[in-house]
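Structure, as structure tokens:
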Amino acid sequence: VAACRDTGYDWFEQLLQNLLKSEEDASYKPVKKACTQLVDNLVEHILKYEESLSDSDNKGVNSGRLVACITTLFLFSKIRPQLMVKHAMTIQPYLTTKCSTQNDFMVICNVAKILELVVPLMEHPSETFLATIEEDLMKLIIKYGMTVVQHCVSCLGAVVNKVTQNYKFVWACFNRYYGALSKLKSQHQEDPNSTIVTANKPALLRSLFTVGALCRHFDFDQEDFKGNSKVNIKDKVLELLMYFTKHSDEEVQTKAIIGLGFAFIQHPSLMFEQEVKTLYNSILSDKNCSVNLKIQVLKNLQTYLQEEDTRMQQADRDWKKVAKQEDLKEMGDISSGMSSSIMQLYLKQVLEAFFHTQSSVRHFALNVIALTLNQGLIHPVQCVPYLIAMGTDPEPSMRNKADQQLVEIDKKYAGFIHMKAVAGMKMSYQVQQAINTCPKDPVRGFRHDESSSALCSHLYSMIRGNRQHRRAFLISLLNLFDDTAKTEVNMLLYIADNLACFPYQTQEEPLFIMHHIDITLSVSGSNLLQSFKESMVKDKKKERKPSSDEETESDSNSGSGSESEEEASKPRRLRKRVDSDSDSDEENDINAVMKCLPENPAPLIEFANVSQGILLLLMLKQHLKNLCGFSDSKIQKYSPSESAKVYDKAINRKTGVHFHPKQTLDFLRSDMASSKITEEVKRSIVKQYLDFKLLMEHLDPDEEEEDGEVSAST
């Protein structure tokens, strides 16, 4: 237990639970016996440890050993509180430990947690013992910080509600803090900037927290507390705490929100109040709102759901005990109906918190969603795209948690993941944009580590097993590159990155993609070249019909009239070999096109933008070809309708093949889409156009390969 202080004790609790459960119905119970011996010995050990300290000079030093002992006892109590019943009197004095170090506080908190579980099980505990506990807890509540207050109020709740019924004692404490808050409120209303208000800040913070904590464990609207008074305490507390959520000091706001969170556990219906909905949703959705407040609201929802879960499990256990005599209809599912309605109210804003730059905000949002899904409070389909997006988080623990949720959903509802896969990919791009700390750098779609795996690789591996789903998913992604889809260039780069790095297993997968890239290119590419040609200003004197698509634009609308016109009209590859001085040749081409550019630069920018999608597809095809070592003829021969077996061979991946679409990266880095149109920008776009034309000519290698032409890949 000492060794696992930072990683948590779930495993230990699970172990005890399983061992004890396995022998529940047996007559011989070795585990129970062993647990009893362990607990008795640990208590013995603590007492001996105390003696050894009192002999030496270093009194009051609580070492890590003591903390570990008491924590272990608490873990035993959590699973089997009966084990500690006979030792309650022995550990009670530890509540009065002098607190100076972190360890001392750990001792107090763990002792309070043990007593909370054990005291209600004691048979006829003595009055003085109970009174001493109440007094000790009250002193701690008044004196120490948040963690101690929380555990002590919780312990006091168990002792008073289940054993002593000493409501007057708690009511007095509540009134002390509630009265202080009311007074501080009226002072603040009179003059928010007065010195009294500033001087009283520590008292204000403590009162906000303690009033909330007390309301979590005691229902002050019961007659036992307020007598026959007609005042509605919970509404009064809500009003007070809400007042301080509008305070100018963030620390005060945070404490008020913590207090509200506590009060909502006792009275969840308060979360339906309009002002509460407005407060929570505005904090979660406001971009400029402080991170601390966002996290606190998410923590409140998380704690509420955890408490509900504990309550439901307890109700379940109680039910099992009496299930034999009871009628099933009486088992009301009221509380889960309530928490379901509450989560419906806040769900959208919690999901949107996934797009926050700070990982801590994403972390708590994911916790809330996981709890909500595990309790079955909402229909999972609305969370799927968000979980896919969270599966790309840089932190492994969050990725795994999101992926795990998807696996669970996939088990219960086949086809949901596939249905929302494309939406999830788009959302994951938004998450990556939010996380991207350097806006100058384009968002990429693979991990920057030695694996360089696709960010959405888990999603693909979930879909790839079903051929129909896989193909539909891949086609939907490729359709985003179509010039009519108007997808922004960086998102296309992100999707191309993913397509380049997905964990393909059979040859069919990349071949299917390449086949569809070819179809898209032949349509979109020609359209794009055509629309660029049409936007050019034709030279009135020499307008003649282009004889074929192979001819370059200089032929159909060249204004230069020089000998370069003849030269430029040949297919580019033939030209290269005729003219050794190909650089000047390219210059001529560029000049020829430059002269035909229209006044209005919009079509140019449009071309530069739209052509990125097509360039990315060309690069992607080339990358997959290199990665898998396919020949042109293999790609050409592939047909999607062929039986699956033909292409079921495993892929032979080449190492060290990276996807680096340089042109698109340059385009994004230079922010060409929104830059001023200078001569230089025009020139670079024209060059892009000519390169693009050349690439398009290369698309059908078969037609020109008879004369020992160089193949397209060169």
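Quick caveat: nothing in here was measured; it's all calculated off a predicted structure.
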*H379 vs F416 aromatic rings, parallel, tilted or perpendicular, using cut-offs 30° and 60°?*
tilted

*Show your working on ring-ring contact (aromatic ring centres under 6.0 Å, His included) between H469 and F473 and close with a plain yes or no.*
CA-CA 6 Å; H469 285 179; F473 173 56; over 10 Å; no

*Is the shortest heavy-atom distance from the side chain of L665 to the side chain of R444 under 4.5 Å?*
yes

_Under 4.0 Å between a side-chain nitrogen and a carboxylate oxygen: does that hold for R471 and E509?_
no

_For E508, is there an ion pair with R470 - N to carboxylate O distance below 4.0 angstrom?_
yes

*Side chains of S285 and Q349: is there a donor and an acceptor less than 3.5 Å apart?*
no

*Does some side-chain heavy atom of Q302 sit less than 4.5 Å from a side-chain heavy atom of L371?*
yes

*Taking the six-membered ring where the residue is Trp, are the ring centres of F630 and Y638 under 6.0 Å apart?*
no

*N609 side chain reached by F667 side chain, heavy atoms, under 4.5 Å*: yes

*Kindly assign one of parallel, tilted or perpendicular to the pair Y429 and Y494, based on the angle between their ring planes and the thresholds 30° and 60°.*
tilted

*Got C456 and F502 here, is their nearest side-chain heavy-atom distance under 4.5 Å?*
yes

*Dump the intermediate steps for salt bridge (Lys or Arg N to Asp or Glu O under 4.0 Å) on K348 and E352, then the final yes or no.*
CA-CA 6 Å; K348 183 155 182 2; E352 294 290 328; 3.0 Å; yes

*F481 side chain reached by L620 side chain, heavy atoms, under 4.5 Å*: no

_Any H516 side-chain heavy atom under 4.5 Å of L474 side chain_ = no

*Start with the C-alpha gap between K625 and D632, add the side-chain angles, then the distance that decides, and say whether salt bridge (Lys or Arg N to Asp or Glu O under 4.0 Å) holds.*
CA-CA 8 Å; K625 193 172 150 183; D632 278 331; 2.6 Å; yes

*Assess the side chains of N367 and K401: does a donor N or O sit below 3.5 Å from an acceptor N or O?*
yes

*Side chain to side chain, P394 and I435, heavy atoms closer than 4.5 Å*: yes

*Flag the pair D403 and R399 as a salt bridge only when some basic side-chain nitrogen lies within less than 4.0 angstrom of an acidic carboxylate oxygen.*
no

*Carefully, step by step, assess Y460 and Y504 under the rule ring-ring contact (aromatic ring centres under 6.0 Å, His included).*
CA-CA 9 Å; Y460 182 76; Y504 305 116; 5.4 Å; yes

*asked:* Within the supplied structure, the quantity of interest is the number of heavy atoms (other residues, nucleotides, ligands) at a distance under 6.0 Å from K246 NZ; does it exceed 12?
replied: yes

*How long is the gap from CG on L366 to SG on C383, to the nearest 0.5 Å?*
10.5 Å

*Would you call the rings of F532 and F607 parallel, tilted or perpendicular if under 30° counts as parallel and over 60° as perpendicular?*
tilted

*Considering only heavy atoms from C-beta outward, does the side chain of N490 approach that of T664 to under 4.5 Å?*
no

